[in-house]
Number of protein chains: 2
Amino acid sequence: MASIKDVAAEAGVSVATVSRVLNSHPSVSEEARTRVLAAVEALGYRPNAVARSLRTAQTRTLGLVISDVLNPYFTELARFVEEEARALGYSVIIGNADERPELQDHHIRTLIDRRIDGLLVSPADGGSSLMRDVALGGTPMVFVDRWIPGIDVPVVRADGTGAVKDLVAHLHGLGHRRLAIIAGPAATTTGNERVEAFREDMRGLGLALPDAYIGQGDFQAASGRRATERFLALAEPPEVVFAADNLMALGALDAIRARGLRMPDDIALAAFDDIPWFVHTDPPITAIAQPTADLARAAVRALADLIEGRTPQSVTLPARLVVRRSCGGAVTNQRSDR
Amino acid sequence: MASIKDVAAEAGVSVATVSRVLNSHPSVSEEARTRVLAAVEALGYRPNAVARSLRTAQTRTLGLVISDVLNPYFTELARFVEEEARALGYSVIIGNADERPELQDHHIRTLIDRRIDGLLVSPADGGSSLMRDVALGGTPMVFVDRWIPGIDVPVVRADGTGAVKDLVAHLHGLGHRRLAIIAGPAATTTGNERVEAFREDMRGLGLALPDAYIGQGDFQAASGRRATERFLALAEPPEVVFAADNLMALGALDAIRARGLRMPDDIALAAFDDIPWFVHTDPPITAIAQPTADLARAAVRALADLIEGRTPQSVTLPARLVVRRSCGGAVTNQRSDR
DNA sequence: CGACGCCGTGGAATCGATTACACGGATGAT
DNA sequence: ATCATCCGTGTAATCGATTCCACGGCGTCG
């Protein structure tokens, strides 16, 4: 592959001049510029980003570490992150942690080794020492969706408390009293937050949330299935199951179907995170939708601000309830925007 | 961030020795080794991958350019690709083309500029001149899922013809005679192949496939919706719609629902690509499942073979029909493996 | 008419690694 | 005892860019 030296030779100038042309430095004669450009064209020259990064100490690359690519919520987030980053002149490298802390650390390490300019993280756990070190070590970092309390970096996330309140009110209004929740891992902020908001709102309505109605999940479908099976095996099973993410809702659906129960008559279901498929399940599923695109954009901008020396802003955007038929009542077939 | 020089100074040896220790070169004394390792530990040193890549002319990175991350099929493919690549000591950078040729070219160019060791591509179109140049230019390249006829690189894909034959037979057996298909872009191999197989099998059963029953889609949900609306507006609408990918099936589902039609009584639906949600739609959707994990593994191995100088193999694996209730008949609730 | 400054350009240092080559000392063979 | 060999180590070149500095030529101003 042609290097800058080859271009310089072809154009009959020095490498310094070629570099100036390519970086549109002002003091280059018109003649030199055209000669260089012609040489570039003739050789099909493309600057070596590796060499450039070594010299300039910047890669114009962002790392995005997410907990699970197979989760449509994160897939969508990743897509919008890349879009915004591209608009700002950055590339994105995605690291998929599969909800496994050690895999998360692996990706963080790899990304740091590649000297990415900044890191966008949705932590799969309570935060390894590695993540702490990275944040302290001066690598620009922003948390998105989930965050870690002790680490002082900007956080871009959705606030679900309002939407959870709406949900609980909706369920209560439909006459449901025994509400159960499948929680995310206690180590994640989103895991805790959603349970706490749920418990709080129930208390506000004078309802109890017994421990048996709190299923411990890990944001994966299988755990949603297990938790739901356990609920259904209780002497007094809940009337509603609220899954703290869409994959656990899928698992819950599996379990309900396996038992041959009808929804919403025998049991109701609601989920955090809205996805296109929830419109088409039987019945369509009531869910809490996050403003994914806005979150992604805000997160990338915060990170770019941090990298480029501006002051970044933490952002919290409200999530909203999308009522469908999975909890009962007659509702026109609504859908979330896509 | 500490460099190899700092480590050398700390350990009281030369940078050459440090490098030897880090690359486990045999001729280093035990004493020097322990001193270096201690220094590495003390400084928290991590080798700069950028500098290393510049010198060794390899990045141990694979580029994966897919047509649409939001398509669960490709998301899953990407996940398995990364998994296998990691096992082989490579990182993966994903480029999402969003079914847009110019975005695809953008990502290919970016990846080449970063001097990735090899490229895995599922082309969104018939192949730009850029892609041709890259393949000819000696960058190791492998096509996965879709490919481009004129370009001589290994292809790893699923063969859907057998499954399509099974599907058509299944539909015929249920008494359906007017079958329509929503095709993918003519520029993609998978787009054409699926239509051709479908047409061929219908001919084999003595059925015609009129042009009005061939919808032109682009593998996106909206196009599936439009095509289905057109089918339903016909004087004699089809009894079955077969969508050539899962997103167009989602769009078809939207259209069917919007018309208030019942499935499978008023109209039947089948799709290429099976995804977890198809089990939970109303009714569950009959689909053709690809062996995604195996495809991903085979593709990565072929690319690694190419990169490391071994002879790569093109691989074709069979897809299989998964019958559910969306086309009629009484079928036990089956699901694809996940 | 001479000095000063600016402009376009090239030479060379630099980023952080790897690695060819040279060198000194120890070891083994003759 | 001598010479060849091998081992551990260091010096320096190298990868492909960017950028500081110096230099020559030319225009401008006093």
Side-chain angles (χ1 to χ4, degrees), chain A residues 1-37 39-40 43-61 109-117 137 139, chain B residues 1-37 39-40 43-61 89 91 109-117 137 139:
Chain A
M1 206 164 276
S3 83
I4 195 171
K5 263 188 218 161
D6 304 319
V7 176
E10 173 83 10
V13 297
S14 72
V15 294
T17 299
V18 176
S19 176
R20 289 194 188 96
V21 171
L22 293 165
N23 295 285
S24 42
H25 184 100
S27 62
V28 179
S29 67
E30 202 47 48
E31 210 233 310
R33 182 182 316 280
T34 53
R35 291 244 301 283
V36 168
L37 261 20
V40 165
L43 298 174
Y45 169 76
R46 298 246 78 211
N48 184 327
V50 175
R52 192 200 294 256
S53 292
L54 177 59
R55 180 59 231 240
T56 62
Q58 54 161 324
T59 50
R60 298 226 52 102
T61 301
R109 217 185 303 275
T110 308
L111 290 167
I112 296 297
D113 287 356
R114 287 165 177 266
R115 302 299 193 264
I116 43 129
D117 293 343
T139 303
Chain B
M1 206 162 275
S3 84
I4 196 172
K5 264 187 216 161
D6 304 319
V7 176
E10 173 84 11
V13 298
S14 72
V15 294
T17 300
V18 176
S19 177
R20 289 194 188 97
V21 171
L22 293 165
N23 295 285
S24 42
H25 185 100
S27 64
V28 179
S29 69
E30 202 47 49
E31 210 232 310
R33 181 181 317 279
T34 54
R35 290 244 301 284
V36 167
L37 260 21
V40 165
L43 298 174
Y45 169 76
R46 298 245 80 211
N48 184 328
V50 174
R52 191 200 295 254
S53 293
L54 177 59
R55 180 57 231 240
T56 62
Q58 54 162 325
T59 52
R60 298 226 51 102
T61 302
S91 296
R109 216 185 307 273
T110 307
L111 291 167
I112 296 297
D113 286 356
R114 291 169 173 260
R115 302 298 194 265
I116 44 130
D117 293 343
T139 303

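Values in this document were obtained by computation on a predicted structure and should not be read as measured data. Just so we're on the same page: letters track the sequence lines, and every chain starts at 1.
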Under 4.0 Å protein heavy-atom contact, by nucleotide of nucleotides 11-19 of chain D - B base, S sugar-phosphate only: B-BBBBBBB
Verdict with supporting geometry, A:R20 and A:T17, side-chain contact (heavy atoms from CB on, under 4.5 Å): CA-CA 5 Å; A:R20 289 194 188 96; A:T17 299; 4.0 Å; yes
Flag side-chain contact, heavy atom, 4.5 Å: B:E10 against B:L43: yes
side-chain contact (heavy atoms from CB on, under 4.5 Å) between B:R52 and A:D113, worked out: CA-CA 10 Å; B:R52 191 200 295 254; A:D113 287 356; over 6 Å; no
B:Q58 CD - C:dA17 C1' separation (whole Å): 13 Å
Closest non-hydrogen atom pair between A:L22 and A:Y45, with its separation: CD1-CE2, 3.6 Å
Distance, rounded to the nearest Å, where A:H25 contributes NE2 and C:dG8 contributes P: 9 Å
Check: A:R114/B:T61 side-chain N/O donor and acceptor closer than 3.5 Å: yes
Touch class at under 4.0 angstrom, heavy-atom based, for B:S27 against every strand present: base
A:D113 CG - C:dA17 P separation (whole Å): 10 Å
Flag, side chain of B:R60 to backbone of B:G89, donor-acceptor distance under 3.5 Å: yes
